[in-house]
Number of protein chains: 2
Amino acid sequence: MHTIARMKRVTSKDVARALGVSQSTVSRAFSADARIPEETRERILKSAQALGYTPNELARGLLKSKSNIVGVVMADMLNPFYPNVLDIMSRRLHAIGKRMLLFSVPNDTDVDEVLPFLLQYNVEGVIITSATLSSKMADVFRNHNTRVVLFNRAVYDRSVSSVCCENHDASGNVARLLIEAGHRRFAIIGGKPDTSTHIERSGGFQRELRRAGLSLQAEEFGGNTYEGGFRTAMLLLEGKNPPDAIFCISDVMAIGALEAARRVLGLRVPDDVSIVGFDDIPSAAWPSYGLTTVRQPVEMMVSQAFSLLSDDVANASAAPVAVRIPGELVVRGSARLDPAGKKTRTVR
Amino acid sequence: MHTIARMKRVTSKDVARALGVSQSTVSRAFSADARIPEETRERILKSAQALGYTPNELARGLLKSKSNIVGVVMADMLNPFYPNVLDIMSRRLHAIGKRMLLFSVPNDTDVDEVLPFLLQYNVEGVIITSATLSSKMADVFRNHNTRVVLFNRAVYDRSVSSVCCENHDASGNVARLLIEAGHRRFAIIGGKPDTSTHIERSGGFQRELRRAGLSLQAEEFGGNTYEGGFRTAMLLLEGKNPPDAIFCISDVMAIGALEAARRVLGLRVPDDVSIVGFDDIPSAAWPSYGLTTVRQPVEMMVSQAFSLLSDDVANASAAPVAVRIPGELVVRGSARLDPAGKKTRTVR
DNA sequence: TGATATAATGCATACGTATGCATAGAATTG
DNA sequence: CAATTCTATGCATACGTATGCATTATATCA
């Protein structure tokens with residue numbers, strides 16, 4: 001047994017004692033900008049390494065009233081769009097020396113319940129995905145001088161910053177694609193009625209319809225789940241006067257709709273009905289689906305979210321910003337491309 | 001402007017001052033087992049609420065040398081099996097008053113790099129999913145009196161506890177299913193060769209083959225990604241003497257294999273080739289795939305993992321435990337069921 | 001009623017770090 | 001060489017909480 005059982009944590013004091021220097025000196029060795037000769041620093045770091053010392057972040061955070069923790073609240077983790085988001089966020093945070101405190105909460109709620117817990121850790125900032133907070137809670141965070149950024153959701157009272165895809169434009173492009181393909185009977189499957197993503201995507205889509213002198217035939221909601229998309233598509237396609245083009249606010253619902261149309265109703269996609277999604281989740285690209293969709297530029301969105309958090313030009317009480325990043329239309333086979341139906345691959 | 005800008009954190013001292021009591025009393029009001037009359041506690045809690053006071057967890061963690069944070073390290077977050085796992089873990093932790101510090105790391109590496117960061121937060125325990133740690137690092141955690149539990153991966157040197165599905169038995173059941181259906185040319189698509197999941201699933205499958213006097217024809221690796229499954233299936237099915245049954249160690253790969261077989265090679269599944277997966281991810285149930293697979297009992301596995309972390313009967317240096325939970329064979333359409341091929345749904 | 005046990009609360013301290021201030025020694029200057 | 005600046009480091013303190021011990025007020029008992 002060559003490992004020594006060590007029940008006590010190794011502290012900067014231990015390192016100091018081992019080297020015959022003061023605790024302050026050890027501490028300074030770990031802070032990049034401290035006045036300390038390079039040689040001493042190396043000696044200390046080496047000894048620290050040998051003793052297995054790492055600064056206690058709890059103490060550090062307590063003292064500086066700011067931990068290096070960023071809180072992330074995810075309200076829709078089971079949506080396949082988010083694992084990638086989370087993965088990117090986690091790695092990028094780690095790369096800049098920050099940690100992630102994660103909360104997964106029920107789908108599309110407001111997250112006021114969990115936010116106070118974040119304050120208990122003196123978090124450096126908070127990112128909230130697919131959910132909003134009350135403006136009252138936004139005030140609380142402002143008073144605590146803690147930044148909050150909404151990711152993939154926006155509030156219109158300008159109480160917090162947000163980063164979203166250019167939902168309006170992207171959805172307009174979808175509409176144009178479908179109009180040019182000759183579609184006339186449009187339906188939308190939304191997530192939840194009062195979310196910014198729905199409002200914007202539906203709004204952008206409909207605006208483009210109006211410009212072409214057309215209008216929406218139906219708008220139903222599927223709660224951003226596969227099952228919801230499936231069920232809602234059944235409803236629409238089995239109703240009187242079924243749509244010949246369905247724009248789904250998210251890919252999971254689009255895939256559900258696709259399955260309903262093909263597997264249950266025996267419709268051909270896109271010959272009988274075109275289906276378009278939003279997000280570009282991995283399975284959208286699987287051959288069985290070949291979903292035409294809008295790709296959200298996740299990497300860029302995360303970058304923007306982080307810079308909104310760390311932007312030290314303005315302090316936390318500065319006016320919130322709404323960042324919009326263009327989405328990219330990804331054309332696959334689930335939507336017709338031209339009036340005649342030529343040049344169209346049918347995906348079964 | 002009726003909100004007062006408050007730059008300083010509200011502390012227990014503030015509450016104490018407001019009520020004319022001592023800081024200790026306030027502190028005790030927040031600790032369930034303190035000797036303090038219920039009436040006083042209520043008065044304090046009410047005032048705390050009014051002032052917006054919440055205990056600082058950093059200070060608490062520092063003092064007690066144990067934060068209420070549990071570290072979670074995910075090595076395969078993009079595998080669709082894990083969002084659900086993460087979601088359940090997050091909610092359950094929150095429900096018992098604990099927080100989650102999340103690290104997403106490159107696929108299937110050992111995670112020694114990130115583990116030291118967890119020690120900096122005096123974490124209560126660590127859960128590592130689909131990855132292992134070195135036994136040296138396991139020692140470090142044992143010396144720090146901090147529990148580590150592997151989730152969906154095991155080590156055989158008994159250096160840490162683990163929670164896994166009963167991979168051997170479940171895979172044996174898959175083999176039996178395929179044998180009884182009349183298959184004779186078996187292939188396995190594994191994830192990575194030296195992972196416990198692969199070893200056990202492949203081992204259990206092959207043991208059952210041997211019992212029937214049969215043997216494996218090929219074993220290739222797809223790295224637990226859709227693309228890997230796709231590519232590997234192409235390789236196997238286009239090779240000389242292609243298999244008529246493929247057991248994929250994970251559903252993502254199985255779906256990739258399915259797509260390769262059907263979309264690219266034009267094979268009928270399961271008529272020409274049976275494909276079975278493992279995990280039961282959401283898309284396995286989608287009609288286009290109808291994947292026969294093994295469902296991992298995630299809820300139960302998470303429960304077990306948590307109880308291994310919190311089990312205070314034994315201390316952290318107690319002998320590690322390997323918990324195994326039976327998996328459930330989910331029969332859908334991607335594998336034949338009987339020699340004649342009757343009673344079999346063909347899923348396209 | 002006086003002695004003693006009990007309940008409620010306050011005081012002081014420790015957790016591990018960062019940092020302002022003080023100091024001692026070295027280096028620089030006229 | 002004395003006076004002065006600079007560099008390296010130590011001392012002391014603060015961050016916000018929990019808790020052992022001491023203290024006071026109240027209840028119990030003979």
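Going from atom NZ of K64(A) over to atom C1' of dT19(C) covers 10 Å, rounded to whole Å. In this structure, L62(B) places its CG atom 12 Å from P of dT17(D), rounding to the nearest Å. Between N56(A) atom CG and dG16(D) atom P there is a gap of 16 Å when expressed in whole angstrom units. Following rounding to the nearest Å, R41(A) (CZ) and dT9(D) (P) show an atom-to-atom distance of 11 Å. I44(A) has its CD1 atom 13 Å from the P atom of dT17(C), to the nearest Å. In this structure, the NZ atom of K66(B) is 17 Å from the C1' atom of dA18(D), given to the nearest Å. In this entry the distance linking CD of E39(B) with P of dA8(C) reads 10 Å, nearest Å. Look at NZ on K13(A): it is 8 Å from P on dG16(C), rounded to the nearest Å.
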Notebook entry, point to check: What string of B, S and - do you get for nucleotides 9-14 of chain C, 5' to 3', if B is base contact, S is sugar-phosphate-only contact and - is no contact with any protein heavy atom under 4.0 Å?
Noted result: BBBB-B
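Looking only at distances, a side-chain donor or acceptor of S310(A) sits under 3.5 Å from a matching main-chain atom of F306(A). Remark: the backbone N or O of S135(B) is not paired with any side-chain donor or acceptor of S159(B) at under 3.5 angstrom. Listed for the T146(A) side chain is a donor-acceptor partner under 3.5 Å among the backbone atoms of H144(A).
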Check: Would S22(B) and T25(B) count as a side chain to side chain donor-acceptor pair (under 3.5 Å) if you check the C-alpha gap in whole Å, the side-chain angles of each, and the deciding distance to 0.1 Å?
Finding: CA-CA 5 Å; S22(B) 75; T25(B) 305; 3.1 Å; yes
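Residues P55(A) and Q120(B) have side chains in contact (heavy-atom distance under 4.5 Å, counting atoms from C-beta outward). Side chains of R9(B) and N56(B) form a contact here, defined as non-hydrogen atoms less than 4.5 Å apart. Counting heavy atoms from C-beta on, the side chains of V149(B) and V126(B) never come closer than 4.5 Å.
Applying the 4.0 Å criterion to OP1 and OP2 of dG16(C), one finds that Y121(B) has every side-chain N and O outside that range. The side chain of S12(A) contributes no N or O atom lying less than 4.0 Å from OP1 or OP2 of dG16(C).
Using a 4.0 Å heavy-atom distance criterion, S27(B) is classed as a base contact.
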